[in-house]
Amino acid sequence: MVQTQEIIIAGFGGQGVLSMGQIISYSAMKEGKEVSWMPAYGPEMRGGTANCIVIVSSKKISSPMVTTFDSAIILNQPSLDKFDSKVKPGGLLVCEQSTIITPSTRTDIEILTIPAVEQAVKMGKRQIANMIILGAFLERRPVVSISNVLLALKEVLPERHHHLIPLNEEALQIGQHFAAEHLQTV
Amino acid sequence: MVQTQEIIIAGFGGQGVLSMGQIISYSAMKEGKEVSWMPAYGPEMRGGTANCIVIVSSKKISSPMVTTFDSAIILNQPSLDKFDSKVKPGGLLVCEQSTIITPSTRTDIEILTIPAVEQAVKMGKRQIANMIILGAFLERRPVVSISNVLLALKEVLPERHHHLIPLNEEALQIGQHFAAEHLQTV
Amino acid sequence: MISGTVIIATEICKGCELCIASCPQESLGLSTSINRKGYRYATLLRNNCTGCVNCALVCPDSAITVYREIKSTKRQSQSAQPTVATQTA
Amino acid sequence: MISGTVIIATEICKGCELCIASCPQESLGLSTSINRKGYRYATLLRNNCTGCVNCALVCPDSAITVYREIKSTKRQSQSAQPTVATQTA
Amino acid sequence: MSTIIQHDENPKLMKGNEALAEASFRAGLKAYFGYPITPQSEILEYLTEQAPNHKDVIVLQAESEVASINMVYGAAGAGVRTMTTSSSPGISLMQEGISYIAAAELPCLIVNVQRGGPGLGTIQPSQGDYFQATKGGGHGDYHLIVLAPSSVQEMADFVFDGFRLAEEYRMPAMILSDGALGQMMEKVYLPKSGSLPKQEVEWATTGKPASRERNYITSLHMDPEKMELVNLHLQDKYRKLKQEVRCELINTNDADIILVAFGLTARICNKAMEAARAKGINVGVIRPITLYPFPYEIIASFADPMRMFLTVEMNAGQMVEDVRLAVNGKSSVYFKGRMGGMIPTPEEILLEIEALTEKQRTMSQSAGYL
Amino acid sequence: MSTIIQHDENPKLMKGNEALAEASFRAGLKAYFGYPITPQSEILEYLTEQAPNHKDVIVLQAESEVASINMVYGAAGAGVRTMTTSSSPGISLMQEGISYIAAAELPCLIVNVQRGGPGLGTIQPSQGDYFQATKGGGHGDYHLIVLAPSSVQEMADFVFDGFRLAEEYRMPAMILSDGALGQMMEKVYLPKSGSLPKQEVEWATTGKPASRERNYITSLHMDPEKMELVNLHLQDKYRKLKQEVRCELINTNDADIILVAFGLTARICNKAMEAARAKGINVGVIRPITLYPFPYEIIASFADPMRMFLTVEMNAGQMVEDVRLAVNGKSSVYFKGRMGGMIPTPEEILLEIEALTEKQRTMSQSAGYL
Amino acid sequence: MSTTMNGTMEIVYEKPKTLTDNPTHYCPGCGHGVIHRVLMEVINEMGIAEQTVGVAPVGCSVFAYNYMNIDMQEAAHGRASAVATGVRRVLPDKFVFSYQGDGDLAAIGTGETIHTINRGENILMVFVNNGIYGMTGGQMAPTSLCGMITSTTPYGRDEHFIGHPLKITEMIAQLPGAYYVARHSVHTPAAVRKLKKAFKASFESQKEKKGTCFIEVVSNCPSGWKMNPLEANEWMEKNMFPYFPPGDIKLPATMK
Amino acid sequence: MSTTMNGTMEIVYEKPKTLTDNPTHYCPGCGHGVIHRVLMEVINEMGIAEQTVGVAPVGCSVFAYNYMNIDMQEAAHGRASAVATGVRRVLPDKFVFSYQGDGDLAAIGTGETIHTINRGENILMVFVNNGIYGMTGGQMAPTSLCGMITSTTPYGRDEHFIGHPLKITEMIAQLPGAYYVARHSVHTPAAVRKLKKAFKASFESQKEKKGTCFIEVVSNCPSGWKMNPLEANEWMEKNMFPYFPPGDIKLPATMK
Ligand SMILES: Cc1ncc(C[n+]2csc(CCOP(=O)(O)OP(=O)(O)O)c2C)c(N)n1
Ligand SMILES: Cc1ncc(C[n+]2csc(CCOP(=O)(O)OP(=O)(O)O)c2C)c(N)n1
Ligand code: SF4
Ligand code: SF4
Ligand code: SF4
Ligand code: SF4
Ligand code: SF4
Ligand code: SF4
Ligand SMILES: [Mg+2]
Ligand SMILES: [Mg+2]
């Protein structure tokens with residue numbers, strides 16, 4: 001059976017939204033899956049917002065642009081306002097806690113709210129928040145394995161950044177934990 | 001029966017080639033005939049040459065551009081070189097004498113060589129040569145009547161030039177005479 | 001000193017901090033909370049605003065309205081505080 | 001005086017008269033006859049050409065070739081006339 | 001649908017370019033912007049020459065065709081009757097601007113006095129820009145109203161039709177002429193001034209009074225949903241425009257062979273038709289006058305397996321595609337074209353007709369064998 | 001006919017624009033001239049970024065698209081492999097230059113990463129420039145080789161095909177892409193360097209040695225007879241070009257309904273086809289890869305009164321005219337389009353298919369009554 | 001809003017009513033917003049909103065008509081001055097301005113810029129020079145400084161390869177049609193006040209049909225420059241001003 | 001031909017072999033012919049014909065490639081300098097020149113002209129300013145003088161309506177990319193000699209990759225001006241020279 005995940009990842013520029021999507025895509029490609037990564041581009045990005053659509057599938061992907069999503073990874077309020085209603089019933093919404101003022105009120109989807117920035121600050125590297133989120137997402141939707149993500153990072157990151165890989169791994173795990181806990185508490 | 005004359009008039013700019021064509025056209029229009037006047041235009045004119053195609057017909061005119069002619073009125077050697085062979089067999093070729101170095105050698109057409117410049121200089125107005133030629137042409141191909149040409153001139157010329165109309169009339173008549181004489185001598 | 005105040009449209013503000021840098025009184029600062037667009041917005045931190053208008057002049061988003069105490073003809077300095085400080089447009 | 005001459009390609013010449021005006025010797029003039037293009041062409045009227053090249057320099061149609069007497073090493077002025085004067089190119 | 005134009009009683013002998021220029025004054029032109037190019041420069045020349053008699057009309061030589069078309073955009077957006085004219089290469093340079101004008105729904109008149117292409121080509125007459133004019137040489141889905149005159153008279157008259165349609169439908173109109181029609185002199189009864197009522201331009205940018213919202217002219221819609229609505233609106237307009245189709249039919253009813261041609265070529269076809277009929281061949285002519293909207297239905301109504309169509313153009317075969325689309329396989333469609341500034345002669349068309357007649361004869365014979 | 005390209009063993013994850021840019025280096029690009037415009041700016045950006053690794057390649061940001069295309073003219077005339085890229089409005093500005101290049105018979109590659117028009121429009125993907133690309137947006141009778149990629153892989157591969165064809169036929173080639181293909185990242189096996197042999201350019205202007213006559217690049221032929229010969233030569237070349245037609249056929253043999261779509265839209269049609277087949281509807285897909293030359297004959301070979309064609313495009317209906325011309329009345333041809341930057345979904349196409357199936361059913365029933 | 005205020009306070013500064021309430025799409029700290037506002041303040045204060053038509057470019061300010069509460073036209077990339085010419089000629093007694101970025105005015109639109117000014121079109125041309133193509137994501141502009149890193153000069157603008165930054169303002173100041181030419185900025189309150197005067201003087205001269213007024217505003221592009229707004233303004237003062245020094249470039253006698 | 005000569009004579013001037021034998025299509029007395037010849041003489045004398053590529057414009061000189069016996073490209077109207085840029089960049093060691101009229105270079109091609117020079121393209125740009133559109137039949141050019149009667153200014157160019165004649169040469173001289181800028185003419189033997197020197201200096205500097213050399217030649221258009229060639233040259237001296245004075249405009253130190 002064809003397995004496809006259509007994911008929107010959205011937030012501000014600088015939060016690592018686009019690279020999060022690329023990491024998923026790259027890992028999935030390495031796993032032999034079909035992938036497409038489609039950023040919002042051009043003046044849409046004015047005001048600092050950024051988003052990308054990632055599709056991972058066991059079959060050829062038709063359109064890289066879809067308008068409803070299996071999962072949404074949301075890193076700011078404007079993105080939540082925009083994409084909340086676009087998550088398919090039964091889908092997954094992962095939000096970064098500190099950036100959300102008015103949370104989603106949907107009841108037909110699974111909602112994960114991750115204090116990723118808080119955790120990242122604790123870890124001493126604010127920029128790692130996106131990996132925490134990613135970990136949480138992958139816990140709930142294992143479209144790629146964490147170990148492949150780490151392998152992917154190794155290939156994608158320039159040598160001089162390889163020392164950061166353990167930190168990334170830790171962040172992914174923290175995210176996974178949060179997601180797993182959350183599942184228990186819901 | 002449809003009566004059509006397709007005429008090429010060619011020479012240098014400044015010899016009155018285009019206006020000769022316009023006078024024929026205008027007179028013919030006044031006579032209720034269909035007319036078209038088509039100049040060679042653009043850089044073709046570089047080097048000072050000018051020509052126009054005039055078609056006078058009792059019926060609607062299809063193409064204003066034709067490549068062979070019933071009559072050719074030629075005022076310089078390059079034009080003769082160019083159009084000599086384009087006169088239909090049985091057609092008419094009217095040349096200004098002084099501008100022609102190598103005359104046409106065709107025997108299947110009627111050729112009139114008019115010393116129009118010489119006559120015009122005699123008349124004290126070199127520019128009137130074209131009217132002498134026109135008179136000669138109309139003598140052989142009366143596509144419009146001389147009296148209508150004179151009426152046309154009255155309408156076309158600005159009031160301040162009306163005093164020249166008698167001179168034009170004289171020139172036309174001189175041309176007619178030459179043509180008529182020529183006919184007798186051939 | 002003339003006494004004034006500013007009202008900043010917090011939902012319009014993009015937290016660029018240009019007003020903050022231009023305030024001679026250092027009256028302004030960024031909020032700790034964020035607006036719906038995700039920006040920490042400019043806010044009046046102290047009551048020493050003179051209504052000099054500087055902040056409003058450099059604000060790219062026309063988010064600032066500046067108020068100044070009405071000078072009586074004799075130019076007495078009244079330091080009445082306005083009832084509003086920061087308000088959402 | 002150095003003696004020279006010019007050869008004008010009469011079928012190339014357009015009778016613009018620029019060479020005529022530029023000749024310091026007034027050696028040039030227009031022909032009375034016309035060439036095939038219908039132009040009266042430039043022609044050497046007098047034998048006083050010095051071969052100064054002026055005419056050729058201003059000729060838009062590169063119609064003029066200029067000749068000058070070969071100066072012997074001792075710079076004796078020989079006034080031999082060339083056998084050609086005007087010739088068709 | 002023809003605009004009701006009153007004409008002068010007495011004819012004039014005029015060049016097509018001049019007749020068009022004079023007609024544009026009479027049609028209430030308010031602003032002309034253009035750049036010289038053969039064979040249409042007489043339009044700008046005539047207008048500048050006559051400008052002192054029309055103090056309320058701006059006649060401005062622009063620095064380029066790109067500037068011209070964008071000046072037209074500005075003037076049209078300000079609500080006045082405006083026009084530019086050029087010839088093939090210059091019209092190519094206007095393609096971006098034309099797409100903007102169409103998208104912003106601005107009425108204006110663009111005249112293309114075509115010459116032989118591609119590239120710098122020749123300055124002789126051509127019909128090589130049919131595709132560009134009718135399918136859209138610029139980007140995106142838009143159309144121009146395209147009128148194809150075939151005489152100096154129509155060069156003048158279609159200025160009125162062009163402006164009227166452009167304003168009624170708020171879209172650019174084009175007169176697709178050619179070098180021969182522009183340069184030749186013919187008898188013309190000029191349209192009288194004042195027969196074209198002034199347009200309503202409540203959308204124009206003339207300064208926003210307090211009483212209304214601001215007007216703005218734009219073709220930008222960042223949101224693709226919005227841009228799709230704009231497109232749907234345009235398509236809707238183009239559908240409505242079909243009611244303006246114009247087409248001349250000559251001897252089509254009994255015709256075994258129908259010539260289809262526009263502009264100057266149609267005149268030549270008429271002559272070929274006469275010659276053919278004189279030889280007993282039943283030939284008719286369809287002359288599309290509006291090239292967009294194209295008279296698909298009218299042509300389709302003549303499509304029939306026993307009939308042949310011969311499209312004649314001064315190009316390598318462009319309108320013939322629309323003729324094929326119209327007949328949709330019901331008739332066979334042939335093409336005769338001349339290119340690069342050459343004009344077909346009635347004689348060569350007659351030869352084609354005779355060849356087709358021969359083909360028809362063989363076909364009907366073989367049909368007899370069945 | 002496909003160029004024999006060798007590919008890297010390992011795939012990369014790349015944007016279409018970047019893959020195209022990288023492939024152009026590998027195809028032996030010698031000179032690039034371009035101007036920024038969304039959604040294709042990554043091409044220029046990638047090229048400038050990588051330029052230090054390709055010291056023999058000129059990558060120059062021009063002052064405008066008009067300048068770009070004329071720089072391409074100059075470089076192509078000097079005999080080197082050259083390219084420009086832009087998106088819809090920028091391509092419109094190039095129309096004059098493109099007509100010149102085609103007329104002067106210069107090989108080069110032009111990439112249009114289409115966005116929604118007309119006018120400034122949107123920056124979202126579109127196929128609204130099909131007419132412009134295939135019928136000629138510039139003046140006169142000329143054509144481009146038009147290749148329509150539908151994946152990042154083809155964005156890379158078609159650079160090789162484009163250059164090869166351009167050089168073989170001495171004419172400009174265009175890759176007609178869209179914003180989605182340009183912006184999206186996908187798996188791509190990059191073509192290896194060196195698989196494209198250097199062209200022969202004895203006609204190029206590189207300085208005239210005493211041993212040959214001067215070379216000159218021109219599109220001007222004042223004499224219309226001469227210009228007609230040039231045109232006949234071009235038309236001849238376009239006829240020869242037909243042998244390069246490329247087209248993908250999927251499940252067409254047993255299909256009752258054939259979807260015709262190019263580029264990204266074809267992928268979406270494939271998905272709709274699968275969904276339809278899952279429901280027992282026999283659907284096939286024809287994907288023209290060369291839009292010019294268009295696969296008329298191939299499509300015609302499937303035309304049959306019992307079959308329906310549904311053309312799907314991201315425009316208001318452009319290629320559908322070519323599909324109609326191909327089937328020439330033998331099948332009915334329907335159209336589904338989205339505009340202004342909207343992408344059709346497989347679901348909405350499926351709905352159209354189901355409606356057509358319904359129609360077919362009623363038709364065959366009524367046929368049964370006869 | 002002022003009704004809620006304590007009676008003793010008065011508004012000394014508020015957004016002019018010639019600006020709409022639409023929030024701008026500009027990045028935080030972008031100079032476009034200030035320039036828009038200053039322009040609209042002048043139009044508001046002069047009471048000429050009803051007689052003014054503006055022309056927006058293609059560039060980040062493409063949506064200017066969403067913010068300026070007056071009649072406006074959106075021009076094709078580089079053609080704002082041609083469009084403004086069209087408007088100007090047919091509405092001779094209105095106020096007309098164009099508003100363009102450096103890519104728009106000094107790259108693709110160079111020809112239109114020069115000829116519009118050469119004709120002395122009686123308009124105000126506002127030229128926002130931020131040394132980059134903001135809208136399309138930070139490519140080199142004709143005014144990008146030598147060595148400046150942009151997305152199409154990733155190793156810095158190399159003047160030997162691509163030429164020096166173009167001082168188009170100095171060039172056009174030579175044209176007889178240019179009546180008043182000045183370079184300003186909006187990075188400080190004082191600069192804003194000066195710009196306002198310049199706009200005002202421009203519209204005043206337009207009343208008298210004096211010819212083209214051309215006001216360059218050296219501005220920032222925090223996003224394109226990859227700096228925060230304060231850094232950007234500082235960088236601008238330090239790097240842009242030496243090459244593009246603010247001040248009057250052509251001052252008519254009447255303004256002296 | 002010289003073989004038929006008396007042995008005592010030698011040729012001191014003849015048409016350079018870099019000119020073909022095709023008779024030109026120019027009107028009698030037209031400056032284009034002289035300028036062509038001077039350019040080809042220099043190329044001939046420098047022995048660089050085999051390394052030179054020229055670019056012809058759209059204008060009366062559109063057929064330059066018929067007369068210049070070297071490799072040439074014919075560019076679209078106004079784009080000769082863009083085409084020359086394309087050639088220059090891919091043939092860095094060849095000699096490249098463009099040849100354009102005033103309509104071509106200073107109207108439709110203004111943008112390309114300025115940016116080519118701003119990039120300092122290492123080419124020679126020959127700019128033939130005859131104050132009119134010769135080819136299309138005598139319409140106003142950007143350089144037509146005030147009051148000058150042309151077919152599109154039948155009552156004389158009115159600078160209030162259409163602007164002053166454009167001194168593009170002075171404008172572009174300001175650009176750092178312009179290495180050598182001068183204005184010449186060909187109406188006298190002395191002027192022709194000077195022009196020849198200027199062309200030569202330009203090609204010499206091109207060897208050293210110095211940047212753009214820009215040589216304006218103020219020329220006549222007897223047909224467009226409706227004068228005979230001698231009158232035209234006289235009119236030119238009297239009317240064009242005061243506005244477009246011949247002389248060096250930007251002379252590099254090395255040439256002083
Ligand atoms: C014909 C055309 N070419 C290119 C573009 C893409 N484009 C849009 S804005 C722009 C440049 C913007 O830069 P600038 O004018 O400096 O304005 P800024 O955004 O910096 O304010 C470009 C190249 C376009 N829309 N149209
Ligand atoms: C795009 C385009 N626009 C206009 C023309 C028509 N045209 C040909 S030459 C020319 C102007 C020639 O004037 P100039 O450049 O001064 O050269 P000259 O003939 O005076 O030497 C024009 C407008 C054209 N060929 N292409
Ligand atoms: S008005 Fe002046 S003092 Fe008050 S906050 Fe603004 S800048 Fe500071
Ligand atoms: S200047 Fe304006 S937008 Fe910037 S922080 Fe201050 S109030 Fe907010
Ligand atoms: S070479 Fe000198 S002297 Fe002789 S004809 Fe020519 S200009 Fe006169
Ligand atoms: S300058 Fe040349 S073309 Fe003119 S008259 Fe003298 S020889 Fe003849
Ligand atoms: S990209 Fe630059 S110019 Fe555009 S809005 Fe952002 S900061 Fe302003
Ligand atoms: S029209 Fe003028 S520029 Fe052209 S060839 Fe004749 S004289 Fe020379
Ligand atoms: Mg900018
Ligand atoms: Mg000129």
So, G:Glu50 side chain and E:Ala210 main chain: donor-acceptor pair closer than 3.5 Å or not?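 Flag set: sc G:Glu50 to bb E:Ala210 pair under 3.5 Å.
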Spell out, as yes or no, whether a donor-acceptor pair under 3.5 Å connects the side chain of E:Tyr216 to the backbone of G:Ala64. no
Pick whichever of G:Met72, G:Arg79, G:Gln73, G:Glu74 has the most heavy-atom pairs under 4.5 Å with chain E. G:Gln73
Are the side chains of [Y] and [X] in contact, using a 4.5 Å heavy-atom criterion?
X        : Y        : value
G:Leu91  : E:Thr205 : no
G:Lys94  : E:Thr206 : yes
G:Arg89  : E:Leu60  : yes
E:Met222 : G:Phe63  : yes
E:Glu63  : G:Arg119 : yes

By a 4.5 Å heavy-atom criterion (distance strictly below it), what part of [X] contacts chain E: side chain, backbone, both, or neither?
X       : value
G:Val58 : side chain
G:Val53 : side chain
G:Ala75 : backbone
G:Asn66 : both
G:Thr20 : side chain

Taking only heavy atoms into account, what residues of residues 74-104 of chain E are found under 4.5 Å from chain G?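 Residues of residues 74-104 of chain E touching chain G at under 4.5 Å: E:Gly74, E:Ala75, E:Gly77, E:Ala78, E:Val80, E:Glu96, E:Tyr100.
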Closest heavy-atom contact between [X] and [Y]?
X        : Y        : result
G:Asp71  : E:Gly207 : OD2-N, 3.0 Å
E:Thr218 : G:Tyr65  : OG1-OH, 3.0 Å
G:Glu112 : E:Ser64  : OE2-OG, 4.4 Å
G:Asn69  : E:Lys208 : O-CD, 3.3 Å
G:Ala82  : E:Ala67  : CB-O, 3.9 Å

Kindly check if the number of other-residue, nucleotide or ligand heavy atoms within 6.0 Å of [atom1] ([X]) is above 12?
X        : atom1 : value
E:Lys192 : NZ    : yes
E:Glu202 : CD    : yes
G:Asn22  : CG    : yes

Chain G contact via E:Phe33 - side chain, backbone, both or neither, heavy atoms under 4.5 Å: side chain
Heavy-atom cut-off 4.5 Å, strictly under: side chain, backbone, both or neither for E:Leu220 against chain G?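 Contact with chain G involves both backbone and side-chain atoms of E:Leu220.
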If you count heavy-atom pairs under 4.5 Å with chain G, which of E:Ala31, E:Pro209, E:Ala62 comes out on top? E:Pro209
